[in-house]
Amino acid sequence: MPKTYKNLYPQICAFDNLYQAHRQARRGGKRKKSQVAEFEHNLGENLLRLQEELETQTYRPGPYYNFIVIERKERKISAAPYRDRVVHHALINVIEPLFEARLIHDTYANRVGKGTHRALDRAQHFARRYPYVLKCDVREFFPSVDHAILRRLLARHVACPSTLWLIDRILESGAGILADRYTPVYFPGDDLFAVNRPRGLPIGNLTSQHWANLYLHPLDLFIKQELHCGKRRGGYLRYSDDFVLFAADKPTLHRWRGEIIAFLQSFRLTIHEHQAQVFPVKNGVDFLGWRLFPHHRRLRRDNVRHAVRRLRRQQAAYRRGELTTEDLSASVRAWLAHAAHGNTYQLRRRIMRQFVF
């Protein structure tokens with residue numbers, strides 16, 4: 001039986017934790033935003049009021065601000081009010097360490113010491129060891145996350161009623177926010193009301209990012225422990241809802257594919273089956289914006305086009321005086337550092353020659 005933790009809520013409500021959560025929520029240039037400035041204007045009073053609402057369980061999340069971001073695909077981002085983001089950080093500060101210790105080594109999203117580049121290195125390591133790969137991604141993952149299932153997974157380790165009360169408030173605040181992004185799916189045993197089950201995690205919430213890892217943790221265990229993908233029988237890693245399996249032969253991967261599809265039904269999830277194909281790694285693996293080969297990697301063409309468009313927008317904003325030299329330099333250096341993780345030297349030189357700031 002998993003270990004449960006019963007007395008977490010006082011840690012969440014502690015003033016020091018709320019103050020630390022505020023400092024975390026304002027990172028990344030967010031101090032300039034009006035909501036942050038307004039909250040900081042009476043910081044002590046606002047934190048004390050938030051602490052009182054949490055302790056008396058009168059806290060209620062506010063409405064989200066929704067907007068569309070188009071990168072490789074269109075995504076609906078939901079931004080919570082600033083005070084709610086402080087609460088999200090305060091909650092995650094306390095409960096996330098409980099789950100972090102239980103996650104498998106080879107899941108890489110939203111974890112300290114992991115990230116995109118570590119995931120790419122690990123995938124390339126497996127590509128050198130095994131000749132075949134199966135790449136999968138969950139269909140409409142964040143809109144599909146079932147609240148009742150997620151709540152059960154959380155309650156397996158959190159036995160603190162007050163902490164579960166706060167989790168319920170956050171889950172309720174995001175229910176249905178991605179309903180327009182969800183295609184109804186009926187699973188075995190469903191009745192006509194199954195489509196009305198509370199579901200969806202707002203893309204943009206700190207809690208959503210971490211709870212997504214927890215929601216797919218049973219899949220990680222199934223692949224590692226039941227399918228025995230690992231320990232010289234194959235390789236597996238996951239980044240959010242994208243995951244890849246490597247093996248020495250095609251039949252093994254085809255069998256694993258079918259068992260994964262069946263397993264995910266119990267979590268009310270499906271994969272893009274037409275895209276989940278088995279193929280030789282020598283053909284290249286599309287993963288996290290890169291095309292991986294056993295001994296080299298390249299940025300995907302659509303990612304290069306997106307980077308060029310962004311640089312053009314930044315160039316125009318800089319000329320209009322809307323972007324500072326420091327912000328522009330930081331953005332360009334960040335992309336160059338990201339691109340340097342592959343065989344992109346000539347690509348970087350060619351792109352940089354196009355722009356004069």
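Values in this document were obtained by computation on a predicted structure and should not be read as measured data. Hydrogens, waters and symmetry mates are skipped; everything else that's a heavy atom, side chains included, is used.
A donor-acceptor contact shorter than 3.5 Å is absent between the side chain of Arg320 and the backbone of Glu322. No donor-acceptor pair under 3.5 Å is formed between the side chain of Asp146 and the backbone N or O of Arg268. Listed for the Arg257 side chain is a donor-acceptor partner under 3.5 Å among the backbone atoms of Ala276. Between the side chain of Thr344 and the backbone N or O of Ala339 there is at least one donor-acceptor pair closer than 3.5 Å. The closest donor-acceptor contact from the side chain of Arg128 to the backbone of Pro294 lies under 3.5 Å. Judged by distance alone, with hydrogens and angles left aside, the side-chain atoms of Asp191 form a donor-acceptor pair with the main-chain N or O of Ala194 at under 3.5 Å. With Arg297 contributing its side chain and Phe293 its backbone, the two residues share no donor-acceptor pair below 3.5 Å.
Taking the six-membered ring wherever Trp is involved, the centroid distance between the rings of His22 and His89 does not fall below 6.0 Å. Taking the six-membered ring for Trp and the full ring otherwise, the centers of Tyr132 and Tyr130 sit at least 6.0 Å from each other. Between Tyr239 and Tyr108, the distance from one ring center to the other does not fall under 6.0 angstrom. Annotation: His210 is not in aromatic contact with Phe99 [ring centroid separation under 6.0 Å not met]. A centroid separation of less than 6.0 Å is found between the aromatic rings of Phe246 and Phe126.
The number of heavy-atom neighbours closer than 6.0 Å to CZ of Arg298, taken from other residues, nucleotides and ligands shown, is 12 or below.
If you run salt bridge (Lys or Arg N to Asp or Glu O under 4.0 Å) between Glu40 and each of Arg23, Arg83, Arg26, only Arg26 comes through. Just one residue in the list Leu219, Asp220, Asp137, Asp106 forms a side-chain contact (heavy atoms from CB on, under 4.5 Å) with Phe243, and that residue is Leu219.
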Show your working on side chain to side chain donor-acceptor pair (under 3.5 Å) between Arg238 and Asn213 and close with a plain yes or no.
-> CA-CA 9 Å; Arg238 177 173 64 82; Asn213 265 347; 3.2 Å; yes

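Scored by the ring pair (Phe, Tyr, Trp, His ring centres under 6.0 Å) test, Trp211 finds no partners at all (sequence neighbours excluded).
Under a cutoff of 6.0 Å and an axis angle of 45°, Arg181 and Phe142 do not form a cation-pi pair.
When hydrophobic clusters are built by joining Ile, Leu, Val, Met, Phe, Trp and Tyr residues whose side-chain heavy atoms come closer than 4.5 Å, directly or via intermediates, Leu269 is not grouped with Tyr182.
Between Tyr215 atom OH and Ser144 atom OG the span is 8.0 Å, to the nearest 0.5 Å. The CD atom of Glu273 sits 11.0 Å away from atom CD of Gln275, with the distance rounded to the nearest 0.5 Å.
Using a cut-off of 4.0 Å between Lys/Arg side-chain N and Asp/Glu carboxylate O, Asp286 and Lys135 are scored as not salt-bridged.
Looking only at atom types and distance, the side chain of Gln24 has a donor-acceptor partner in the side chain of Asn93 under 3.5 Å away.
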